[in-house]
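Take a look at the structure below.
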Amino acid sequence: MARITAGLATSHVPAIGMAIDLGKTQDAYWQPLFAGYEWTRSWADAAPPDVVILVYNDHASAFDLTMIPTFALGTAASFQPCDEGYGPRPVPVVQGHPELAAHLAQSLILDEFDLTLMNQLDVDHGLTVPLSLVYGQPEAWPTKVIPLAVNVVQYPPPTGNRCFNLGKAIRRAVASYPEDLSVQVWGTGGMSHQIQGARAGLINQEWDNRFLDAIVSDPAAVAAIPHIEYLREAGSEGVEMVMWLIMRGALSDDVEALHRFYHVPASNTAVGHLVLQPQP
Amino acid sequence: MARITAGLATSHVPAIGMAIDLGKTQDAYWQPLFAGYEWTRSWADAAPPDVVILVYNDHASAFDLTMIPTFALGTAASFQPCDEGYGPRPVPVVQGHPELAAHLAQSLILDEFDLTLMNQLDVDHGLTVPLSLVYGQPEAWPTKVIPLAVNVVQYPPPTGNRCFNLGKAIRRAVASYPEDLSVQVWGTGGMSHQIQGARAGLINQEWDNRFLDAIVSDPAAVAAIPHIEYLREAGSEGVEMVMWLIMRGALSDDVEALHRFYHVPASNTAVGHLVLQPQP
Amino acid sequence: MVDNSELDDLPGTTVFTAERSRQGFPLNQMCMSLMAAANRERFHADERAYLDEWPMSQEQKQAVLDRDFQRMLDLGGNVYFLSKIFASDGLSYVQAVSTMTGMTVEEYQAMMLAGGRSPDGWRSKSERA
Amino acid sequence: MVDNSELDDLPGTTVFTAERSRQGFPLNQMCMSLMAAANRERFHADERAYLDEWPMSQEQKQAVLDRDFQRMLDLGGNVYFLSKIFASDGLSYVQAVSTMTGMTVEEYQAMMLAGGRSPDGWRSKSERA
Ligand SMILES: [Fe+3]
Ligand SMILES: [Fe+3]
């Protein structure tokens, strides 16, 4: 039977991808950030899972405003890195797991989540920057990936509670897949940032750190945070942290935080990162 | 305050649209079918609502298989009839109600329905055939229309229960819209039909008529019907009847059937039709 | 996997699951392309060459060339998409669908006018056998 | 309407609602078109002519010509889409975003390096006033 072996949360700032792609990770500006992922790099290389369900959002790359799906699941065999306007990132093609994805699609829709299914999908920095942070610059990604794209660009995104419940449904669906697969769920985006208007540049270290505490120890309380609190406290783009709740919902109630890191700034953004292990 | 003043259910067989467009409604084959809509034509002309929320499915017209949304709501100001391959149907452009649609979008997503929002959408016979059946061939449609496209082509469609609950959420959302609008909800598709495989041509009059009874008097029982029963009893394409439950959920528990009609066949399909009035 | 044994037990019926949708994706997208008149012309001028532009399997291409709609369903085709092929051949749903039933068009039409195919005997493979 | 008064009370922030998405649809779709190098070239060769190809309002077109990003937000633009404009001008997010804050790029960068803008005083319009 398939099982969820870990959860991981991380920011997915595009400038981080550029720093990796341009070989700037040891520059003074970037070095402290990448140092915070070194533990994770070793942990990840030691035992990559069979599949990562990678929760992210597209940023006007593959999706325009013709169709705006709340939850879009990638069921294809592979996913090309997007050309975000100046050529795709120099990273490997992302290999999917279409059989598990079809199982998730069917299970989750019958469990009354109103998914949009994607037989074709290009993936932007929201998905590839986390892979680069965790796995560096390999010839091929060491794990298969099922993309789960969440609308957090157009208001309203799904509620935190809905995301938490989707995570729980993913847990049930994975547990009912007969093949013996190790599956991780990654939640990406955030932490506090705002990249528009007179309030641009907002960072709320106190709120972010309370969020990092609570998502580990009291996720139900995090699931109850209304959108307006994210917008007010963590900035208009900080609301994308609802995606971390999908990851958290997919884990057992009790988790151990194997690793935690927080750093300000990467470009306009506060970077947060967690590695969580479910406890029996 | 906006209020839901009626519900309507009807099949949306493409050949019915062709019969109307080619002036064949009085042909021997078609006359009995159109006779069954005469009561509705008078009722509808007497008092068109301000807005119809029209639940339908696309049939490989506007949507291909790249993205398959479970529920897609049209938020645009207008919707062009699709070119389904041989030129669009000669019917008026469908005018939307973007303000109410934006209100529904926001209300329903916050109510934890995972909509896909459509800022642009061409509408196929699934939406225009019901308008033609009810309003004939006017210069302009007498009512605004908010399209709600449901995936019933790729298995699994949403469950009947999910559709019923979406209808209830639509009812709440409409009731919270401050402008004084009369709104109807139409559920379309069905009844029994199968247009593929050795079992093609399946029609189940007994099952269809039980469905017509129960959707009026015991909708919760209808909402509990599993997909396999639709597929087995009403044919592989008959499963689209789950869409009627969205209409039914949007009405009060108690309704009066003002009109009921059933006819076999239109092309490969059993035609069913209801006009329902909510009771206080 | 999700237990789809009930779906598989329906006789003469191919349920279009997410898994089939992925397998049939290039076939069905090719069908969609036939909505444009220019593509229909190119298709009918040289079907094999047109199909070779798509990442379809050889079996999928052969089934299209043979107009074997049941085989197309088995290979991930969906009837609403396949309709673009038979519409471009000038066939109606009734005409094309009847080819999957082992009946002549006339027999199929007569069955429909008489009230359609009864579900009796068609509810499960065991009931059918 | 849905009560969005709390959203409207956020100072210096334009929440991209479904209503704004519809108003900004042609503006944002125009922005998407700038992902293609050929379109960027045509845009920079004659911005007015390029914008006239889109069903944008005059105000939207003028805001683009003026590179007035706050005005574009007010007219339904979303920053992820507007980024296609400033990226085609060779500007980074930090450079373009700082123009909306009334700070120089250097001041904005210094603020970010010092830990970013504190939320204190920026939680509501009344708190700000
Ligand atoms: Fe993001
Ligand atoms: Fe239909």
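All values below were derived from every heavy atom in this structure, side-chain atoms included, with hydrogens, water molecules and symmetry-related copies excluded. Lettering follows sequence order; numbering is per chain, from 1.
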We want to know whether A/S176 and A/H103 form a side-chain donor-acceptor pair, criterion being a heavy-atom distance below 3.5 angstrom. yes
One option among A/L115, A/L166, A/L73 has the most heavy-atom pairs under 4.5 Å with chain B, and it is A/L115
Between B/D122 (side chain only) and B/C82 (backbone N and O only), is there a donor and an acceptor less than 3.5 Å apart?
no
* Asked: Between A/V185 and A/L251, is any pair of side-chain heavy atoms under 4.5 Å apart?
  -> no
Under 4.5 Å to a heavy atom of chain B? For A/N161 that would be both
Using atom types as modelled and distance alone, determine if a side-chain donor or acceptor of B/N57 lies under 3.5 Å from a backbone N or O of B/V152. no
Note: vs chain B, highest number of non-hydrogen pairs under 4.5 angstrom among A/T116, A/N165, A/D114 is A/D114
Comparing B/P157, B/P156, B/A105, B/A72 against chain A, the one with the most heavy-atom pairs below 4.5 Å turns out to be B/P156
Counting heavy-atom pairs under 4.5 Å with chain B, the top scorer among A/R162, A/H227, A/Q120 is A/R162
Counting heavy-atom pairs under 4.5 Å with chain A, the top scorer among B/I109, B/L121, B/D64 is B/I109
_Any side-chain to backbone donor/acceptor pair from A/S78 onto A/G96? Under 3.5 Å, distance only._
no
Note: vs chain A, highest number of non-hydrogen pairs under 4.5 angstrom among B/T159, B/L65, B/N119, B/I68 is B/I68
With a 4.5 Å heavy-atom cut-off, do A/H193 and A/E240 have their side chains touching? yes
